[in-house]
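Structure record follows, encoded as structure tokens.
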Amino acid sequence: MKIIKAKDYNDMSRKAANVISAQVIMKPGCVLGLATGSTPIGTYAQLVEWYQKGDLDFSEVTTVNLDEYKGLPRDNDQSYYYFMNHHLFSKVNVDPARTFLPDGMEPDSGKACSDYNKVIADAGGIDLQLLGLGHNGHIGFNEPSDVFEAGTHCVDLTESTIKANQRFFASIEEVPRQAYTMGIQTIMQAKKVLVVVSGEDKAAIVKEAFFGPITPRVQASVLQLHSDVTVVADEAALSLI
Ligand code: GLP
């Protein structure tokens with residue numbers, strides 16, 4: 001595991017965007033695994049800026065997102081589809097037909113998950129997976145559990161995640177209780193993993209996840225077993241290690 005220390009959020013965003021742009025330049029037809037949450041917003045903004053300058057071309061890229069809320073339509077401004085479209089897809093030349101997220105409006109969880117596993121398999125697996133880190137160590141929506149789930153599955157969000165995401169909704173009642181998320185095996189099979197972390201409030205979980213025991217209670221700890229993980233974190237997030 002490589003840990004790259006950034007000065008602050010902007011520096012973290014630039015460094016992470018550099019890693020992603022290197023991937024796109026080296027393999028224009030790559031499969032990028034993408035993440036939502038507030039942490040990667042600056043990374044996407046930087047990629048958009050470099051695209052606008054003519055330095056990046058996404059025309060052959062395929063994207064697969066980590067997760068989607070169950071029951072939110074794509075045009076709901078809290079859906080992860082909406083987020084990705086707003087922050088990246090509508091601002092670069094990625095082919096919309098090659099951008100994938102789990103189908104949050106598919107009520108049959110078994111079908112939604114097996115369809116998404118097939119999308120990832122058909123794309124040939126993930127070259128570079130971008131991840132944020134939840135306060136409880138979740139990656140995607142893989143919440144603390146007794147097991148590491150392999151493929152895409154439907155999760156009941158924990159109270160702490162519902163509370164953390166409440167800030168994006170009008171009220172806590174509106175936060176969906178379930179989501180579809182890529183599984184840990186799929187994430188671990190990505191050729192490269194890039195984790196972005198920012199802020200003092202993430203310092204304790206950074207220490208636990210990357211320097212503590214490997215346990216499904218802290219799902220991100222499994223990344224210690226991946227052979228090519230880069231963590232780009234700002235000084236505040238690294239303040240306890
Ligand atoms: C969300 C997402 C995760 C994200 C995490 C942290 O619930 N499902 O993919 O990484 O929580 O979010 P943030 O970056 O806003 O702290």
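Every number for a ligand or one of its atoms is a count from 1 in the order of the listing. Atoms considered below: every heavy atom in the structure, side chains included; atoms not considered: hydrogens, waters and symmetry mates. Counting begins at 1 with the first residue of the sequence.
Residues Y180 and F141 keep their aromatic ring centres 6.0 Å or farther apart. Between Y116 and F100, a ring centre-to-centre spacing not shorter than 6.0 Å is recorded.
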So what's ligand 1 close to, N/O to N/O, under 3.5 Å?
from, atom 1, to, atom 2, distance (Å)
ligand 1, 7 (O), H138, NE2, 3.4
ligand 1, 7 (O), N165, ND2, 3.3
ligand 1, 8 (N), D67, OD2, 2.9
ligand 1, 8 (N), G140, O, 3.3
ligand 1, 11 (O), H138, NE2, 3.0
ligand 1, 14 (O), S38, N, 3.3
ligand 1, 14 (O), T39, N, 3.0
ligand 1, 14 (O), T39, OG1, 2.4
ligand 1, 15 (O), S38, N, 2.8
ligand 1, 15 (O), S38, OG, 2.7
ligand 1, 15 (O), R167, NH2, 3.2
ligand 1, 16 (O), K202, NZ, 2.7

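When the salt bridge (charged side-chain N to carboxylate O under 4.0 Å, His left out) test is applied to D146, the partners found at least two apart in sequence or on another chain are R217. In terms of the salt bridge (charged side-chain N to carboxylate O under 4.0 Å, His left out) criterion, residue partners of K118 (sequence neighbours excluded) are, by chain and number, D122.
With respect to the salt-bridge test (charged N to carboxylate O, under 4.0 angstrom), the residues D127 and K27 qualify.
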Please table the atom pairs, donor to acceptor, closer than 3.5 Å between any side-chain atom in residues 41-56 and protein atoms at least two apart or in another chain.
from, atom 1, to, atom 2, distance (Å)
Y44, OH, A35, N, 3.1
Y44, OH, A35, O, 2.6

